[in-house]
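Numbering of residues begins at 1 and proceeds along the displayed sequence.
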Amino acid sequence: MGPGAAACCCCRSSPRPRAQQQLMEYVERRLALLEERISQWHEQSSRYSTELRDFKNQVLGMLEAAEKEREALRAEAEGAAVRVDRLEREVDYLETQNPAPPCVEVDETLMEKQVATAKQRKNEKYTKLTDCSDTIASVRAMKILKRFGSSSGLWTKDAAGNSEKIYVFDGTANDTVYVFPRMREFTLFSATRKAARIKLPYPWVGTGHLVYDGHLYYIRQQGPFQVIKFNLANKTVVDSSVFPAEEQIPVFGLSPFTYIEIAADEEGLWAIYATKENEKNICLAKLDPTSLDIEQMWDTPCPRENAEGAFVVCGALHVAYNTRLPSRSRVQCVFDVSGTLAPEDASLVYFPKRYGSHSSMKYSPRERQIYAWDDGYQIIYRMEMKKKLEV
């Protein structure tokens with residue numbers, strides 16, 4: 001082949017490298033565009049992540065603010081409920097307080113009439129309302145529940161109803177009653193956080209109060225001593241009466257803070273008290289639980305000296321005695337208003353040795369046991385009973 005033919009072959013092969021170069025340039029441009037789009041995607045994704053994080057933080061902040069606002073509203077609602085409750089108590093107090101001024105003027109006249117009526121029936125033989133003929137034979141068992149509150153006080157159940165609530169009066173002068181729903185809550189918890197609080201319209205004095213058939217009977221001193229009947233359900237004063245006894249003195253020689261002891265037994269309500277007229281011995285009166293009138297009164301042979309507490313069982317007054325230096329308490333005076341049981345025939349009942357002396361002893365006719373407060377310890381005494389005719 002000649003030189004002309006070789007030159008012609010070179011001319012035909014030269015377009016192939018240019019096509020390859022163009023293809024490479026096209027691929028490079030596409031790759032550059034893809035890299036640019038990937039870079040834009042990363043940039044947008046980063047921006048979206050930042051915006052999403054900022055939005056999440058903003059929502060969390062709003063939720064936290066809403067929670068704080070909810071807590072503030074709840075606190076305001078609770079405060080409003082407390083204020084409403086306080087207002088209701090103040091209204092109840094005003095409702096019970098407003099009628100009082102005119103009654104004060106006639107209290108002395110009513111008292112004189114009650115004293116005259118009661119004295120006419122003084123020391124008469126009592127006609128029993130029930131067929132209860134039991135008396136205490138001995139203390140069968142003692143149970144120390146806990147130590148709560150002051151050295152002196154009172155704890156009890158409703159002596160007539162079926163409620164399991166525990167009512168606690170801490171101290172000898174106060175206006176707040178602690179109410180525990182059951183014995184378990186009172187026993188297991190040392191504080192009063194499980195207890196409801198009832199603020200009374202008038203403060204009490206002493207430890208002679210009583211819960212009976214849904215009502216609290218407690219002693220108020222404002223000049224003469226008054227018996228206040230307080231409805232525990234609607235928190236209102238139902239009735240009040242000046243106790244018709246002149247020149248009262250502490251009823252128990254070892255408990256100088258108690259002037260009237262309201263007691264309950266199978267026969268109903270009783271008042272244990274003492275006066276200067278018969279200052280050596282304890283007096284007893286039968287109370288009408290509805291009207292608070294005195295039905296009968298008795299001068300008992302039971303001395304006040306060294307007496308620390310008393311209770312009534314089946315119409316018989318039982319007085320517990322101790323010594324100035326506390327030792328073992330014992331019931332050594334029994335006065336039966338029906339005359340069925342002679343004092344000399346009654347059993348000499350000893351209580352187990354404890355910590356100090358009783359500031360209160362509440363007999364429960366429903367459970368046949370005594371709720372006692374001994375130097376800040378709450379104690380239950382379970383009693384062994386026998387028929388009076390068997391003594």
Side-chain angles (χ1 to χ4, degrees), residues 122-142 159 208 210 250-255 258 260-275 278-287 295-323 327-352 357-372 379 381-391:
K122 193 169 186 179
N123 297 324
E124 289 183 3
K125 187 175 179 179
Y126 175 73
T127 303
K128 295 183 68 173
L129 303 176
T130 69
D131 58 356
C132 180
S133 59
D134 292 333
T135 186
I136 296 176
S138 64
V139 177
R140 178 164 53 90
M142 177 185 79
L210 177 73
V251 60
F252 308 122
L254 298 182
S255 302
T258 298
I260 302 174
E261 176 83 25
I262 306 296
D265 74 341
E266 295 77 3
E267 292 286 310
L269 259 59
W270 306 82
I272 307 167
Y273 65 101
T275 65
N278 186 21
E279 62 180 348
K280 291 186 177 181
N281 293 341
I282 293 173
C283 299
L284 180 66
K286 186 69 173 65
L287 276 179
E295 297 176 345
Q296 282 185 252
M297 303 172 78
W298 296 268
D299 294 328
T300 78
C302 300
R304 291 177 52 250
E305 185 178 3
N306 292 331
E308 65 174 6
F311 49 91
V312 183
V313 179
C314 288
L317 173 69
H318 294 65
V319 184
Y321 294 87
N322 208 320
T323 57
S327 62
R328 193 176 180 189
S329 297
R330 67 271 179 202
V331 174
Q332 63 183 44
C333 184
V334 177
F335 175 72
D336 189 346
V337 295
S338 64
T340 306
L341 177 65
E344 59 272 14
D345 294 331
S347 300
L348 185 59
V349 179
Y350 280 91
F351 292 90
S357 61
H358 296 114
S359 61
S360 63
M361 303 177 77
K362 285 296 173 186
Y363 171 70
S364 170
R366 176 165 56 97
E367 300 170 305
R368 294 296 178 91
Q369 61 188 23
I370 292 173
Y371 293 86
I379 301 175
Y381 295 111
R382 294 186 173 89
M383 314 307 290
E384 187 73 32
M385 311 297 285
K386 64 168 62 175
K387 298 298 181 183
K388 293 180 181 179
L389 298 179
E390 296 176 0
V391 179

*Shortest non-hydrogen separation from Pro365 to Tyr363 and the atoms involved*: CD-O, 3.4 Å
*Just by modelled atom types, is the Pro303 backbone N or O under 3.5 Å from a matching donor or acceptor in the Tyr321 side chain?*
yes
*asked:* Restricting to non-hydrogen atoms, name the atom on Ala264 and the atom on Leu210 that form the minimum distance, rounded to 0.1 Å.
replied: CB-CD2, 3.7 Å
*Evaluate the side-chain proximity of Asn322 to His358: yes if any heavy-atom separation is below 4.5 Å, no if none is.*
no
*What heavy-atom pair brings Met142 and Pro352 nearest, and what distance separates the two atoms?*
SD-CB, 3.8 Å
*Which of these, Ile370, Asp265, Thr135, sits in a side-chain contact (heavy atoms from CB on, under 4.5 Å) with His318?*
Thr135
*asked:* Tell me the closest heavy-atom pair linking Glu261 and Gly208, and the distance in Å.
replied: OE1-CA, 3.5 Å
*Determine yes or no for a side-chain-to-main-chain donor-acceptor pair under 3.5 angstrom, with Thr300 supplying the side chain and Ile282 the backbone.*
yes
*asked:* Using 0.5 Å steps for rounding, measure from the CD atom of Gln296 to the CG atom of Leu284.
replied: 10.0 Å
*Indicate yes or no for a side-chain donor-acceptor contact from Glu267 to the backbone of Thr130 under 3.5 Å, with no hydrogens or angles considered.*
yes
*salt bridge (Lys or Arg N to Asp or Glu O under 4.0 Å): which pairs involve residues 300-316, sequence neighbours left out?*
none
*Do Val337 and Trp270 come close enough that some side-chain heavy atom pair is under 4.5 Å?*
yes
*Counting only N and O atoms by type, is there a donor-acceptor contact under 3.5 Å from the side chain of Asn306 to the main-chain atoms of Thr323?*
no
*From Lys280 NZ over to Asp299 CG, what is the distance, rounded to the nearest 0.5 angstrom?*
14.0 Å
*May I have the step-by-step check of salt bridge (charged side-chain N to carboxylate O under 4.0 Å, His left out) for Glu384 and Arg368, ending in yes or no?*
CA-CA 8 Å; Glu384 187 73 32; Arg368 294 296 178 91; over 6 Å; no
_For residues 331-342, which residue pairs pass the salt bridge (Lys or Arg N to Asp or Glu O under 4.0 Å) check, not counting sequence neighbours?_
Asp336-Lys388
*Determine whether Val331 and Ile136 make a side-chain contact, defined as any pair of heavy atoms from C-beta on separated by less than 4.5 Å.*
no
*In Å, rounded to the nearest 0.5 Å, how long is the span from CD1 of Ile260 to SG of Cys283?*
11.5 Å
*salt bridge (charged side-chain N to carboxylate O under 4.0 Å, His left out) between Asp134 and Lys386: does it pass, once the steps are laid out?*
CA-CA 5 Å; Asp134 292 333; Lys386 64 168 62 175; over 6 Å; no
*Where do Tyr381 and Ala372 come nearest, in terms of heavy atoms and distance?*
CE1-CB, 3.6 Å
*Can you measure from CZ (Arg330) to CD (Gln332) and round to the nearest 0.5 angstrom?*
4.5 Å
*Heavy-atom pair of closest approach, residues Pro301 and Phe335*: CD-CD1, 3.5 Å
*Is the Phe351 ring parallel, tilted or perpendicular to the Phe311 ring (thresholds 30°, 60°)?*
perpendicular
*Atom CD in Glu266, atom OG in Ser133: separation rounded to 0.5 Å?*
10.0 Å
_Residue list, side chain to side chain contact (heavy atoms under 4.5 Å, CB included) with Gln369, at least two apart or on another chain_ = Glu367, Tyr371, Ile380, Arg382
